[in-house]
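Worksheet: one structure, shown below.
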Number of protein chains: 2
Amino acid sequence: MDDGVAVLRADAQRNYDRLIHTATTIFEVQGASATLESIAKGAGVGIGTLYRHFPTRRALLEAVYADRVAKLVARVPSLLQKMSPDKALLSWLEMTVDYSLQYGGFSGLLEVASKEKDSPITSAGSQLLTKAQEAGLLRNDVTMVDLLRLINGIVVDIAPEDVKRTNTLVSVIITGLKT
Amino acid sequence: MDDGVAVLRADAQRNYDRLIHTATTIFEVQGASATLESIAKGAGVGIGTLYRHFPTRRALLEAVYADRVAKLVARVPSLLQKMSPDKALLSWLEMTVDYSLQYGGFSGLLEVASKEKDSPITSAGSQLLTKAQEAGLLRNDVTMVDLLRLINGIVVDIAPEDVKRTNTLVSVIITGLKT
DNA sequence: ACCTGAACACCGTTCAAGT
DNA sequence: ACCTGAACACCGTTCAAGT
C-alpha cells in the first residue's frame, strides 16, 4: 500500500523536478504553447526524457498547475460557507480568471479542462453552479462547461492592455445568469 | 481611374480564383488552420503562388469570407429599421455566430478581426451597440471588442454536439448587457 | 509579370542505442 | 529502469531559376 505516487529512481526524480521547474518558468514567459524542446533543453535533459515523464503537453500542464487546481477545488466549501452560492460562483470564477492572467500556461490548461464535464476544475465549479441553481438564483439551462467556455473566451490570447476588461466581462456573464 | 481592383494577367486571375475556390472548400472541411500547402496543391498551383496572392493566412481568410463580412455590414441598417437597437444587436450577433458555425474558417477570421476595434466586423457591430447604449438599453462600460471576445469564445473549437448550446450562451451575454 | 518548387527553419514525436 | 538525441514527419516561408 502506497500513496499512489510512484517511487522514482533518484536521477529520474531529479529530472522530473527540473522539468516541472523549468516548464513553470517557461510557461510563465511564453505561455502554454512554448516548445517542449526548449523546456527539455532548459531542464538539461533530452527531449525523450520529457516525453517519458509527460506523454502529452497536457500532462505537463496538469503537473505544473496541480497546486493551483487544488486551490480552486479547496476554495469551494469555504466560499459556500461565507456567502450565497451565486456570489460564491462569481468569486470562484474571478479566481479562475486571475490564475489564467497570472500564470502564463494556466489558460492553456483551462482551455482543455473546461471542455470536460468531469475535469477537476469543471467539477469544482459545478458544485457552486448547481447550488446556485437549486437555490433559484441562477438560470437552470446553463452548465459549467458552458460557463467555462465563456470564461475561457475572456482570457484566451488576451493582450496586457485588455486585462483590465476582464472583470467587466465576468460581471456581464454573471448578470446574464441571474434569474 | 479604376475601381481599385488590380487587373491581373489571365493566368494569374485564374490561379487567384482557383485558390479562393479551393480554400473555401478546404476551410469548410478542416477549419481555418488547414495547411496552406494543401490549398495550393488542391488549386494546382505552387505554394509560392499562394503566397504571392495572399501574403498571410489572414489575407486568404478575408478574401474567402469577403462576401459574408459584406452581408454582416449590410445587415446593420436594415436591422435598425425593423427593431429596437438591443434586439438588432442580438439578431446581428446570432448571425455572426451562425456564420462561424456554418463556414469552417469564418471563426478563424472572427478571431483576429474581433480584436481590432476598426475591422469591418467590429465597426458594423459597434454601430448597433452604440445605438443601444445611447438609447439606455445596454450598459455603457462594454465595447464591441469586449463583446466579440465573448462571442468568439462561444464558437471557437466548438464540438458538433455543443452547437445547440450557442443560442443559450448568446442570450446569457445579451441579458447580462441589459441595464 | 508571374509561376514553380527546392531549400531552409522549426517543432512534435518516436525509438534504437547506450548507461 | 531510465536517458539520449538522431531520425522522421510535417508545416510555414522565402527565393533563385524559369517561362
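In what follows, chains carry the letters A, B, and so on, assigned in the order in which the sequence lines appear, proteins first and then strands, with residues in each chain numbered from 1. Just so we're clear, the structure is a prediction, and the values are computed from it rather than from any experiment.
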What's the OH-C1' distance between A/Y16 and D/dC3, to the nearest Å? 17 Å
Let me have DNA chain C in dot-bracket notation, would you? Count Watson-Crick plus G-U wobble pairs, both distances under 3.5 Å, and use [ ] for pairs crossing earlier ones and | for inter-strand partners. ||.|||||...|||||.||
With the side chain defined as heavy atoms from C-beta on, B/R9 is closest, among D/dC2, D/dG12, C/dC2, to C/dC2
Please give, in whole Å, the distance from D/dC3 C1' to A/F54 CZ? 15 Å
Nearest to the B/Y51 side chain among C/dT14, C/dC3, D/dG12, which nucleotide is it? D/dG12
Atom-pair distance (CG on B/N15; C1' on D/dT19), nearest Å: 13 Å
Side chain of A/I47, heavy atoms from C-beta onward: which of C/dT4, C/dA6, D/dG5 has the nearest atom to it? D/dG5
With distance as the sole test, does B/R57 use its side chain to make a donor-acceptor pair with the main-chain N or O of B/A34 at under 3.5 Å? yes
Sorted by first residue and then second, give each salt bridge (Lys or Arg N to Asp or Glu O under 4.0 Å) pair with at least one member in residues 70-95 of chain A; sequence neighbours left out. none
Using only side-chain N and O atoms of B/H53, determine if any of them is under 4.0 Å from OP1 or OP2 of C/dC2. no
Could you state the CG-P distance from A/L50 to C/dC15, rounded to the nearest angstrom? 17 Å
Select from A/D11 and B/G48 the residue whose nearest nucleotide in DNA chain D is closer to the 5' end of that strand. A/D11
Worked check of side-chain hydrogen bond (donor to acceptor under 3.5 Å, both in side chains) between A/S119 and A/T122: CA-CA 5 Å; A/S119 72; A/T122 313; 2.7 Å; yes
Round to the nearest Å and state the distance from B/I39 atom CD1 to D/dC11 atom P. 12 Å
Which listed nucleotide (C/dG12, D/dC3, C/dG5) is nearest to the side chain of A/A12? D/dC3
Which label fits A/Y16 and A/F54: parallel for a plane angle under 30°, tilted from 30 to 60°, or perpendicular past 60°? tilted
Using a heavy-atom cut-off of 4.0 Å across all strands, would you classify A/T35 as base, sugar-phosphate, or nothing? sugar-phosphate
Figure out the CD/C1' separation between A/E37 and D/dC11, and round it to whole Å. 17 Å
Under the criterion side-chain hydrogen bond (donor to acceptor under 3.5 Å, both in side chains), I'd like the reasoning laid out for A/S38 against A/T35: C-alpha separation, chi angles, the key distance, then a yes or no. CA-CA 5 Å; A/S38 71; A/T35 67; 3.1 Å; yes
Give a yes/no on whether any side-chain N or O of B/R52 is located under 4.0 angstrom from OP1 or OP2 of C/dC2. yes
Whole-Å distance between D/dC2 C1' and A/R14 CZ? 12 Å
In whole angstroms, how far is the C1' atom of D/dG12 from the NZ atom of B/K41? 16 Å
Can you check whether B/R139's main-chain N or O pairs, donor with acceptor, with B/Q133's side chain at less than 3.5 Å? yes
Assert yes or no for the condition that the ring centre distance of B/F106 to B/F27 is strictly below 6.0 Å. no
